[in-house]
Protein chains: 2
Amino acid sequence: MTSQNLSGDSSTKILQTASRLFYEQGYHVTGINQVIAEAGVAKASFYHHFSSKEELCIAYLHKRHEDWFSWLQQEVEQNENDQERLLSLFTFLERWLPNSNFRGCAFLNIASEFPSPDSKIRLLVVDHKNALQDYIRQLVDRLNISPKKKNTAMLADLIYLLFEGAITKSQIYQSTGSIEAAREAVRQLIN
Amino acid sequence: MTSQNLSGDSSTKILQTASRLFYEQGYHVTGINQVIAEAGVAKASFYHHFSSKEELCIAYLHKRHEDWFSWLQQEVEQNENDQERLLSLFTFLERWLPNSNFRGCAFLNIASEFPSPDSKIRLLVVDHKNALQDYIRQLVDRLNISPKKKNTAMLADLIYLLFEGAITKSQIYQSTGSIEAAREAVRQLIN
DNA sequence: GTCTATATGTCGATAGAC
DNA sequence: GTCTATCGACATATAGAC
């Protein structure tokens with residue numbers, strides 16, 4: 001109850017505030033001054049917990065990865081039928097995107113702000129997208145629709161492209177308009 | 001030859017330099033000081049030609065829209081067969097993306113840096129993506145594969161999602177790996 | 001561990017000479 | 001139309017008291 005209660009902990013408050021600001025505003029436009037002001041801590045306290053702004057961003061991405069995947073898995077695992085589990089990827093988008101004010105994927109947004117593909121932050125983006133593609137492949141593999149392994153990998157890849165495209169379009173148009181069509185296209189592809 | 005020759009014109013040099021830096025580095029991370037230094041002009045000269053950094057960004061997006069569409073149309077119009085014209089959308093990606101160092105779509109990258117959907121810059125992004133979707137719809141309509149208008153609109157939407165997804169994936173992985181699969185998927189969808 | 005005060009630099013934008 | 005010099009604000013990061 002003392003050190004376990006992190007809700008009032010400075011480190012946690014800083015990370016929560018930074019996560020909100022980085023996601024809603026972007027990385028470079030969000031200054032350390034704004035983070036510490038809205039977190040209600042002093043500047044030196046921030047630099048006691050985090051060595052730099054970039055380290056704070058890395059912590060943000062780590063936590064974001066955990067949170068986002070738990071949201072996704074929670075939606076998928078509500079379904080028992082393997083086909084419905086796969087299709088629920090898009091149902092997840094229909095819930096998540098409006099709920100996040102159509103700000104889109106935190107990792108793609110950050111990648112736009114870090115052009116160097118070798119940067120530590122860009123490698124985290126790759127890790128996140130690798131995990132997403134692995135997850136989609138697992139869902140596709142459980143369908144057992146095709147005897148050829150090669151086809152299921154390609155099918156999973158197409159579904160991933162539709163998934164990313166749906167996120168992007170919804171971000172630009174602030175709408176979930178195309179997601180239903182994407183889900184029905186996947187339904188036809190696997191039947 | 002005097003005022004027509006814009007290659008040495010300050011305004012043109014500024015816009016060319018800013019276009020390169022905004023695209024390669026991002027908007028917020030690129031300072032006016034860097035733009036004028038690399039363009040070889042004085043700061044006051046910049047503010048004589050452009051009222052603000054944001055106006056410079058708007059000029060960048062206008063020119064980028066013209067340039068990018070002419071590249072796309074040039075690739076498409078090399079083909080006479082209507083089906084090949086549609087599929088050449090993805091051939092275009094295979095040429096353009098490696099050539100741009102896998103920096104992806106200038107408009108999506110800018111949108112990540114401007115969260116407010118009502119901003120002037122975000123409206124230009126919508127204009128650009130509207131034009132792209134209209135173009136894809138035109139290519140699909142010429143196929144005359146389906147009697148139902150509704151299906152061609154949905155098909156064009158799916159192709160657009162695959163197109164956006166392919167751009168995004170190539171940006172993250174610095175590769176054109178999935179584009180061939182996307183093109184073949186479209187080939188099957190329209191047959 | 002948290003505070004105030006500060007260091008050092010760069011940001012976007014302007015003034016005024018030429 | 002282009003220049004140098006400069007403005008006030010804010011950037012990231014530190015020093016030193018408590």
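Residue numbering restarts at 1 for every chain, and letters A, B, ... go by the order of the sequence lines.
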Please state how far atom [atom1] in [X] lies from atom [atom2] in [N], giving the value in whole angstrom units.
| X | N | atom1 | atom2 | value |
| --- | --- | --- | --- | --- |
| Ile36(A) | dC10(D) | CD1 | C1' | 12 Å |
| His48(A) | dA15(D) | NE2 | P | 15 Å |
| Phe50(B) | dG12(C) | CZ | P | 15 Å |

Shortest non-hydrogen contact between Ile167(A) and Gly104(A), atoms and distance: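 Looking at all heavy atoms of both residues, the closest pair is CG2-CA, 4.1 Å.
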Does OP1 or OP2 of [N] have a side-chain N or O of [X] closer than 4.0 Å?
| X | N | answer |
| --- | --- | --- |
| Ser52(B) | dG12(C) | no |
| His49(B) | dT2(D) | yes |
| Tyr47(A) | dT14(D) | no |

Presence of salt bridge, Glu80(A) and Arg85(A), under 4.0 angstrom: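 Between Glu80(A) and Arg85(A) there is no salt bridge, as every charged N stays at least 4.0 Å from the carboxylate O atoms.
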Residues which pass salt bridge (charged side-chain N to carboxylate O under 4.0 Å, His left out) with Lys43(B), listed by chain and number, not counting sequence neighbours: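 For Lys43(B) there are no salt bridge (charged side-chain N to carboxylate O under 4.0 Å, His left out) partners, ignoring immediate neighbours.
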Residue pair Asn130(B), Tyr135(B): steps toward the side-chain hydrogen bond (donor to acceptor under 3.5 Å, both in side chains) verdict: CA-CA 9 Å; Asn130(B) 281 345; Tyr135(B) 190 64; over 6 Å; no
Could you run down the sub-3.5 Å N/O contacts of the protein with nucleotides 4-11 of chain C?
residue : atom : partner  : partner atom : Å
dC11(C) : OP2  : Asn33(B) : ND2          : 2.5

Between Trp96(A) and Phe102(A), ring centroids under 6.0 Å: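 No.
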Aromatic centroids of Phe22(B) and His28(B) separated by under 6.0 Å: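 No: the rings miss the under 6.0 Å criterion.
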